Number of protein chains: 2
Amino acid sequence: MSDEQRHVAVLPTHDEVKSLVESGTERGLLMTLFGRCRVEYDGRAASTLGFGDRLVILKPDGTVLVHTDEGHQPVNWQPPGCTHEIKKQDGLVVIESHRENPDEELIVRFDQVTHATAFEATDTEELQLHGTEADLRDQILEEPDLIEPGFEPLSTERETAAGAVDIYGTDSDENAVVVELKRRRVGPDAVSQLNRYVETLERELHAETTVRGILVAPSVTDRASELLAERNLEFVSLTPTN
Amino acid sequence: MSDEQRHVAVLPTHDEVKSLVESGTERGLLMTLFGRCRVEYDGRAASTLGFGDRLVILKPDGTVLVHTDEGHQPVNWQPPGCTHEIKKQDGLVVIESHRENPDEELIVRFDQVTHATAFEATDTEELQLHGTEADLRDQILEEPDLIEPGFEPLSTERETAAGAVDIYGTDSDENAVVVELKRRRVGPDAVSQLNRYVETLERELHAETTVRGILVAPSVTDRASELLAERNLEFVSLTPTN
DNA sequence: GTCTTCATGTCGGAT
DNA sequence: ATCCGACGTGAAGAC
């Protein structure tokens, strides 16, 4: 068996799995285990999952992911920073992953491991993402008239007692303007959020100025639209560019 | 090479990867590819990621996950229901995954595949999860006095123009009571949500009854607490049991 | 550490 | 299909 192949084990014995995971953990490798297992979780919530074929991923940062054959989300997991140990118990290969704060434990028990791999992953690149709320904000700062002619941004992340306002500025009549940004179609929650900021600022500015609230998003749902009208808030349609 | 090993390829050629993925896709297998790749995504947002070692998972339901050596979250992904094709292009192995509605595309280009696997995953078990909001609701329905002596639940998921109320009931003075449940410590958003329900119900009941709003959660943040006071809403501390 | 909000959130249920 | 809210949400940034 060559050096390369040593990191891939097909139908390994329990002992071989154990030694592969122990050595891989020590060397900071990215590992996968595929086989028949059951899973228990106890922490903020608690769960059990009976025997079935799943893919378990162990990352060098302590992340554990248990994936079934379906879905984007892992059926069970443990976040980065966890510590795990592997042992043989009652004829099963058992991986116990522990986390503190909150105290959480994930236990995966294999009765059969179909294959196991361990590889060093070198990844220095950062993801470049476009079309986020930050991009939408930058578009507006670049061309404030997108909100309305005469709009002047004064600050971003302006602090209020209710939290930070996305963009704070003034309109051509010197009214205060609170702009809440959403990168996609919004529901009532975003309107409530904007409303909290507007109400709070009205109080903080001692009612000497009118405070307008403008929701900026690609679109709004019907409920959100009604709520905007009720609260005397405005809507401007803008979509972040990719 | 045995039948079992046929699903695991170490340092496969591009052609071997292509044929493994094509055959695995056709047969509904769960596949993993580990190697050096770059990734592009375009859809609701857009992203690029330069070359690095990553683990790519292809599920029979169309899910694609690209995992780096760090983090719970995939760095790029495609949800269930996507279709993918694999091809050779400019000396690279390229996987293109496409989704409609919204139109989204994920392209993974490998210049080197370190290993590739394809396995049939049989999983009939459902996850049993405890300690959810539904469990908290059941606790209260079982013992309504947990809210307060005399509380009587009348319905769950009661519809209002603002959405469904978690638990709707009456107190010992025949006031209407809206209960909003959260399984964990809550911030201002949950208070706003409860407030929307209470305001809407006050209007729908024609002001002939007082509507009390009670937030039930393990705890609340300071901001949320202030907002509760402002809105004349109440708080009851309860934690869902595992 | 806690708090707050964003996210290509994902997921499920109801309409 | 869209809407709406829960999620063991996770992740990032501010304090």
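Keep in mind that the numbers below use all heavy atoms, side chains included, and drop hydrogens, waters and symmetry copies. This structure is a prediction, so every number in the text was calculated from the model and none was measured.
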Practice item. Using the C1' atoms only, state how far D/dT9 lies from D/dG5, rounded to an integer number of Å. Key: 12 Å
Review point. Distance check: side-chain N/O of A/Tyr197 vs OP1/OP2 of C/dT4, anything under 4.0 Å?
Key: no
Check your understanding: Closest approach of A/Arg44 and B/Arg183, non-hydrogen atoms and distance?
Key -> O-NH2, 2.8 Å
Practice item. May I ask you to verify if any side-chain N or O of A/Gln193 is less than 4.0 angstrom from the OP1 or OP2 atom of C/dC6? Key: yes
Exercise for review: Could you give the distance separating C/dA7 and D/dC7 at their C1' atoms, to the nearest angstrom?
Suggested key: 13 Å
Review point. Which part of the nucleic acid, if any, lies within contact of B/Asp189, taking any heavy atom under 4.0 Å across all strands shown: a base, the sugar-phosphate backbone alone, or nothing?
Key: nothing
Exercise for review: Answer with yes or no whether the side chains of B/Ser192 and B/Asp189 bring together a donor and an acceptor at under 3.5 Å.
Suggested key: no
Practice item. Looking at every strand, decide which applies to B/Ala162 at a 4.0 Å heavy-atom threshold: base, sugar-phosphate, or nothing. Key: sugar-phosphate
Check your understanding: Does B/Arg36 reach the main-chain N or O of B/Gly52 with its side chain, forming a donor-acceptor pair under 3.5 Å?
Key -> no
Check your understanding: What distance, rounded to whole Å, do you find between the two C1' atoms, one in D/dA6 and one in D/dG10?
Key -> 14 Å
Review point. With the threshold set at 4.0 Å, does a side-chain nitrogen-carboxylate oxygen contact exist between A/Glu199 and A/Arg231?
Key: no
Point to revise | Sugar-phosphate only, base, or nothing, as touched by A/Arg223 at under 4.0 Å among non-hydrogen atoms | key: sugar-phosphate
Review point. Does A/Arg184 have a side-chain nitrogen or oxygen under 4.0 Å from the phosphate oxygens OP1 or OP2 of C/dC6?
Key: no
Exercise for review: Determine the minimum heavy-atom distance between B/Val94 and B/Gln89, stating which atoms define it.
Suggested key: CG2-CB, 3.8 Å
**Study point:** Spacing of the P atoms in C/dT8 and C/dT4 (rounded, Å)
**Key:** 23 Å
Table of protein N/O atoms under 3.5 Å from nucleotides 13-15 of chain C N/O atoms:
none

Exercise for review: Write down the distance separating the P atoms in C/dC11 and D/dA11, rounded off to the nearest Å.
Suggested key: 16 Å
